[in-house]
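To start, the structure itself, in structure tokens.
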Protein chains: 2
Amino acid sequence: MTAPARRSGRPRESVLTRELIMNTALRLLDERGEQGAGIREIARELGVRPSALYNHVRGQDDIIGGVRELVSDRIDTSGFGVLPWNEALHRWALSYRNAFAAHPPTIALLAVRPLEPGLRTNHMYDEVCEGLIEAGWPIERVLTVIVSLESFVLGAALDEAAPDDMLDPGEGAGLPHFRSAYVARARELETRGISASGLAFHTGLDVMLAGLSAEFAALVAAKSPLVR
Amino acid sequence: MTAPARRSGRPRESVLTRELIMNTALRLLDERGEQGAGIREIARELGVRPSALYNHVRGQDDIIGGVRELVSDRIDTSGFGVLPWNEALHRWALSYRNAFAAHPPTIALLAVRPLEPGLRTNHMYDEVCEGLIEAGWPIERVLTVIVSLESFVLGAALDEAAPDDMLDPGEGAGLPHFRSAYVARARELETRGISASGLAFHTGLDVMLAGLSAEFAALVAAKSPLVR
DNA sequence: ACCTGAACACCGTTCAAGT
DNA sequence: ACCTGAACACCGTTCAAGT
């Protein structure tokens, strides 16, 4: 098996790496679900004693932070500056949600913990801020817009990670409106070939961007008296 | 202290109740944070051995489910049927978020776990469905609208539970746009006397309801050729 | 510097033994 | 029926001892 045939003392060459630990953690998370990221689990997979990890990693929180960086590296900010702000936001939110959806077990793990100010994360925010500021958004509104959109993305990712039958009126009597809405949606989902959480995500995203566009248009109109 | 002066054997009258356990769990959660809901922690607070809880509760998941019911009982569906659908949704979302915000440590705990189909929760969904259906929303859209709004509410609650300095460009160089957006928002927050997460929530909620109202108006217009 | 091995202080849960 | 007490199978983390 993976029993450590290694005896005590420093090995001739290092077996572990910080990067190797993080990658293994993410892989186990995907393969085995939320409890796959345990120190002992990772150690066993790497053929090593749990305590060995502490030579490369500060502890469990450090590992989770590393996994988060791996996942959020997939967030796409390339639209800002080249596309209209609302399309750039759309691409950003979509890739944000897809990054987490690609690793469902990480969502519950990562969404909950506050992200310590990582350099790469902060750089991502800087790029989004730049895009919105250049597009003409009032600077004091920028972070509020970002955070509200981000809240939706994370909430939608959580919904995606939940089991499909979570929202279900069941078989019994009662709940007539819930039930009829449920079957009507099921039919809709089948004909469109999309998941319930996927449709809710796209709907919410479109709705938010439509609302933001309306606010933006009103701001522009108020600033340019010509249109009045 | 709270050392159990009780000796073995069945007590003359029951010390525990399912309800008492749930209430204690919620209180400890509020007082001590996320790890307050541990079986051993609750048992100590109640002056009882951990194993005693298992006479009234199936286990930890059962307790968390009970806490969720306590919290989500505060969700207000009274607007449906009496207010316009968008105002009823606004009241619902606001109370939904406030219910969790009143117990910050529960957010991370509850948002992550799929809610097993509780009767009271399902009844809540039934009321919201009824309100939207009666207002004239296409029945196959109803659940999608609810879920997308709910995703935002939960995401915003998560954001609320996170530490305030989570999003912070820091002191160093670089990140100029992030930094200037940050100080501009800080000034805005101070003059309006509101928290960052509070403003993001209200902004997102307004934006979503504006977007939904636009979609609804378009649906109504498409159905009544008179306006064409 | 980087591993093993033992130990520590925790968990949730089960179950026989008591009354 | 409902509690105690002991036990079980887990955690993450620390640290001396090895090479």
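A note on names: the letters A, B, ... follow the listed sequences, proteins ahead of strands, and every chain is numbered from 1.
- Legend: residues meeting side chain to side chain donor-acceptor pair (under 3.5 Å) with A/D206, ordered by chain and number and at least two apart, are absent.
- Under the ring pair (Phe, Tyr, Trp, His ring centres under 6.0 Å) criterion, the residue pairs touching residues 147-185 of chain B are A/Y125-B/F178, B/F152-B/F201, with sequence neighbours excluded.
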Would you list the atom pairs, donor with acceptor, under 3.5 Å between side chains in residues 139-147 of chain A and any protein atom, with sequence neighbours excluded?
| residue | atom | partner | partner atom | Å |
| --- | --- | --- | --- | --- |
| A/R141 | NE | A/E215 | OE2 | 3.1 |
| A/R141 | NH1 | B/T203 | OG1 | 3.2 |
| A/R141 | NH2 | A/E215 | OE1 | 3.3 |
| A/R141 | NH2 | A/E215 | OE2 | 3.2 |

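- Sorted by first then second residue, the ring pair (Phe, Tyr, Trp, His ring centres under 6.0 Å) pairs that include residues 20-69 of chain A, not counting sequence neighbours, number zero.
- Residues from residues 22-33 of chain B placing a heavy atom under 4.0 Å of any atom in DNA chain D do not occur.
- For the pair A/Q35 CD and D/dA9 P, the interatomic distance rounds to 19 Å; values are reported in whole Å.
- The strand DNA chain D forms stems, runs of 3 or more Watson-Crick or G-U wobble pairs with distances below 3.5 Å, at C:4-8 with D:12-16, C:12-16 with D:4-8.
- Listed by first then second residue, pairs satisfying ring pair (Phe, Tyr, Trp, His ring centres under 6.0 Å) with a partner in residues 19-51 of chain A number zero, not counting sequence neighbours.
- Not counting sequence neighbours, the partners of B/H103 by the side chain to side chain donor-acceptor pair (under 3.5 Å) test are B/D30.
- Among residues two or more places apart in sequence or in another chain, the side chain to side chain donor-acceptor pair (under 3.5 Å) test is passed with B/R10 by none.
- Computed from coordinates, the B/N55 CG to D/dC3 P distance equals 6 Å when rounded to whole Å.
- Using a 4.0 Å cut-off between charged side-chain N and carboxylate O, B/D126 and A/R179 make no salt bridge.
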_Per-nucleotide protein contact string for nucleotides 12-19 of chain C (B base, S sugar-phosphate only, - none; heavy atom under 4.0 Å)_ = BBBB--BB

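- Between A/H56 and C/dC3, a side-chain N or O to OP1/OP2 separation shorter than 4.0 Å is present.
- Between atom OG1 of residue B/T24 and atom CG of residue B/L16 there is a gap of 8.5 Å, rounded to the nearest 0.5 Å.
- For A/I42 and D/dC11, the CD1 to C1' distance is 13 Å, given to the nearest whole Å.
- For residues 16-50 of chain A, there are no ring pair (Phe, Tyr, Trp, His ring centres under 6.0 Å) pairs, not counting sequence neighbours.
- A/R49 places its CZ atom 14 Å from the C1' atom of C/dA7, with the value rounded to the nearest Å.
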Distance-only criterion, 3.5 Å: show the donor-acceptor pairs between side-chain atoms of residues 32-42 of chain A and protein atoms not counting sequence neighbours.
| residue | atom | partner | partner atom | Å |
| --- | --- | --- | --- | --- |
| A/R32 | NH1 | A/E41 | OE2 | 2.9 |
| A/R32 | NH2 | A/E45 | OE1 | 3.0 |

